[in-house]
Undergrad: 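Here it is: the structure, laid out below.
Given the structure is predicted, the values throughout are model-derived calculations rather than measurements. Atoms considered below: every heavy atom in the structure, side chains included; atoms not considered: hydrogens, waters and symmetry mates. In what follows, every chain begins at residue 1, and chains take the letters A, B, ... in the order their sequences are listed.
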Protein chains: 2
Amino acid sequence: MRTIKDVAQEAEVSVATVSRVLNSSGYVNEDTRKKVLDAIKKLDYRPNAVARSLFKKQSKTIALIVPNITNPFFPEVARAIEDVMSSKEYTLILCNSDDQEEKENKYFEVMKQKYVDGVIIVTSTLTPKHIEKNGIPIVAVDRFIDKDIPYVSVDNVEGARKAVRYLQSTGCQKIAHIRGPENLLNAEQRFQGYRLELQNKHLFNEDLVVNGNFNFTTTTEVTKQLLKKHPDIDGIFAGNDYMAVSVVKAALALGKRVPEDLSVIGFDGINLAKLTNPEITTIAQPIYQIGYKAAELLLDLIDGKPIDTYNHELKVTLSVGQTTKQMR
Amino acid sequence: MRTIKDVAQEAEVSVATVSRVLNSSGYVNEDTRKKVLDAIKKLDYRPNAVARSLFKKQSKTIALIVPNITNPFFPEVARAIEDVMSSKEYTLILCNSDDQEEKENKYFEVMKQKYVDGVIIVTSTLTPKHIEKNGIPIVAVDRFIDKDIPYVSVDNVEGARKAVRYLQSTGCQKIAHIRGPENLLNAEQRFQGYRLELQNKHLFNEDLVVNGNFNFTTTTEVTKQLLKKHPDIDGIFAGNDYMAVSVVKAALALGKRVPEDLSVIGFDGINLAKLTNPEITTIAQPIYQIGYKAAELLLDLIDGKPIDTYNHELKVTLSVGQTTKQMR
DNA sequence: CTGAAAGCGCTAACAC
DNA sequence: GTGTTAGCGCTTTCAG
């Protein structure tokens, strides 16, 4: 690869001048500018990004840390982020943390060594303290970290209430909830939403809440037990789509008809939800937009632009599938 | 962040010595080595990866270029690659090409500017010529590029034959094929496998092959038409799982029972296949292993190790679900 | 065994 | 307007 020196020689100017036209900084005569441009074209010169990074202490690179890219929610987020980043000449590094703090920290270490400009992270283990000491711009997605850290997600409480209300509007009388992991704020909020909505009507019964842990097999198990114990349950709000699919399977295995005997609604709106048979009714998050917004916020942070709002809770929408009855 | 100079001062040695202990290169007295190590610990020093890259002309970074990370096949590949890469202190850059040559080339441009050490790519547009001029180590995944470029995938022809044979073994007499895009070698090979297997028994009939383009909606349409025209079709081999799901939907929509009236088998073995109702029977690729192997090969390439085999076609396995009948 | 110094390719003062 | 030069932080000859 050619260097700025080669260009300078070819154009018969100094490297400083070449640098100036490269960065359109400082004054440079139109004619010499042309000479330089010609030389660049002739030599097919491309500036060396690493040398530039060394000087500027920034790399035009950002990182995305997710628990596991294999989880269907994240690829769409990643795609959105990569879309806005590549349009701004940024490069995206992908990291899988498996929800382990140790791995997250290790990634941060590398990020600093590589002058990575910022990171978008989905985490429930990292605290503001960890992050502060890294001194690297951060945006949180899906899981809240701190008031000072831009956060993009949805209103889980309201989404959950919406789910419950919809089940009721289709005639469900006894609505159970398969919740996600205890330590996940997300899952907790969805549970709270479920509870609130039912408590308001004096219908809440904690026996109807079981933990599926966002896990397929576990969910199948606990759902079967629940339905055997309470055969009159006629609606289930699952903490996410993945579990909703599992719930449907469990119900069918027990000989229940969905939605005639049992209605099921999920949360997330991953593509999977529309591929199953029957298609899952769900509270859909605007997943792509979440990633998009997060990327924009990070860019603002990097550019030192003021952030007017730190908390971005985008709107969920009801996506009606075939696991719920027609509204009455 | 501290620099090597700080460490040198703290340890009262030269930067050269520090560099030597950092890289365990050259001779360095055990005592001074200890002094340096102490200084490093005391200052919590981490070498600057960018400065190192500038000198070494390599970045401990590799790139993965896929058509779209949102396609359920790729996250698992990405995960595998990231696993081996991060274990070797490499960082993974993620790129979405949307199968556009222009985007691929743009990514390569950036890779060179950033001294990216190698790339793993899924492409059907890039030719050896493009790649050669980039002079950057490459491994092809899922889609073959050239004999000189390490390639990891499965034997699509054999996999397809296996699919057809299995349908026959469960009693299917009239087997149709919903194929993938014409310009995709993959899809072509699967079609060839299907044809070969049937031709051997003089059962091939080109009227039973339609193009679903790896697209959900298209597949639903063409499948319905096909089944209306040939109501006696009792088995369908779909070119991938995604289309298989669509085929099942189409069949059910026409009032056919799966698998009683119509058996369906897919190809790929993405997780999705086991989440649908009924679960899709499929020819499963060892997706994670494919990514893993590709990563290992790229590392060898980067390290200048000799590659003994360029063509890696891993074994597919039959994954029996509920869209096919019991074997007789 | 260790240090001085050149240089990786680029940018930004600072002169002229 | 343009050139000279001192770094950015690191590695590696080359002396000693």
Undergrad: Quiz question: by atom type and distance under 3.5 Å, do the side chains of A:Thr125 and A:Glu104 form a donor-acceptor pair?
TA: yes
Undergrad: For the pair made of CZ in A:Arg2 and P in C:dC10, what is the distance, rounded to whole Å?
TA: 12 Å
Undergrad: Expressed in angstrom and rounded to an integer, what is the separation of A:Lys35 atom NZ from D:dG1 atom P?
TA: 15 Å
Undergrad: Whole-Å distance between C:dA5 P and B:Lys5 NZ?
TA: 13 Å
Undergrad: Closest nucleotide of DNA chain C for B:Tyr115 versus for B:Val28: which of these residues is on the 5' side?
TA: B:Val28
Undergrad: Report the residue from A:Ile136, A:Ile62, A:Leu297 that forms a side chain to side chain contact (heavy atoms under 4.5 Å, CB included) with A:Ile302.
TA: A:Ile62
Undergrad: Decide whether B:Ser124 and B:Arg143 meet the rule of one side-chain donor and one side-chain acceptor closer than 3.5 Å.
TA: yes
Undergrad: Could you work out which one of D:dT2, C:dT11, C:dC10 sits closest to the side chain of A:Ala51?
TA: C:dC10
Undergrad: Can you find a side chain N or O atom of B:Thr32 that sits less than 4.0 Å from OP1 or OP2 on C:dT2?
TA: yes
Undergrad: Working note: A:Lys114 + B:Thr61, criterion side chain to side chain donor-acceptor pair (under 3.5 Å); need CA distance, chi angles, decisive distance, verdict.
TA: CA-CA 10 Å; A:Lys114 295 201 176 181; B:Thr61 300; 3.0 Å; yes
Undergrad: Hey, does the side chain of A:Ser14 come within less than 4.0 Å of D:dG3's phosphate (OP1/OP2), counting only N and O?
TA: yes
Undergrad: Identify whether any heavy atom of A:Val50 sits under 4.0 Å from a base atom; if not, whether one sits that close to sugar-phosphate; answer base, sugar-phosphate or nothing.
TA: nothing
Undergrad: Determine whether the side chains of A:Asp142 and A:Tyr151 contain a donor N or O and an acceptor N or O closer than 3.5 Å.
TA: no
Undergrad: Is a side-chain donor-acceptor pair under 3.5 Å present for A:Gln58 with A:Asp117?
TA: no
Undergrad: How long is the line joining NZ of B:Lys34 and P of C:dC1, in whole Å?
TA: 14 Å
Undergrad: Short of 4.0 Å, heavy atom to strand atom, which residues of residues 15-24 of chain B count as contacting DNA chain C?
TA: B:Ala16, B:Thr17, B:Arg20
Undergrad: Could you tell me whether A:Arg33 atom CZ has more than 12 heavy atoms of other residues or ligands within 6.0 Å of it?
TA: no
Undergrad: B:Lys56 has a side chain; which of D:dC10, C:dT11, D:dT12 sits nearest to it?
TA: D:dT12
Undergrad: Just to confirm, is there a sub-4.0 Å distance from OP1 or OP2 of D:dC10 to any side-chain nitrogen or oxygen of B:Tyr45?
TA: yes
Undergrad: If I take atom CZ in residue A:Arg52 and atom C1' in nucleotide D:dG7, what distance separates them, rounded to the nearest angstrom?
TA: 17 Å
Undergrad: Calculate the interatomic distance between B:Gln58 atom CD and D:dT11 atom P; express it in whole Å.
TA: 11 Å
Undergrad: Side-chain N or O of B:Lys57 less than 4.0 angstrom from OP1 or OP2 on D:dT11?
TA: no
Undergrad: Mind calculating the distance between CG (A:Leu54) and P (D:dG9) to the nearest angstrom?
TA: 7 Å
Undergrad: In whole angstrom, give the distance that lies between atom CD of B:Gln9 and atom P of C:dG3.
TA: 13 Å
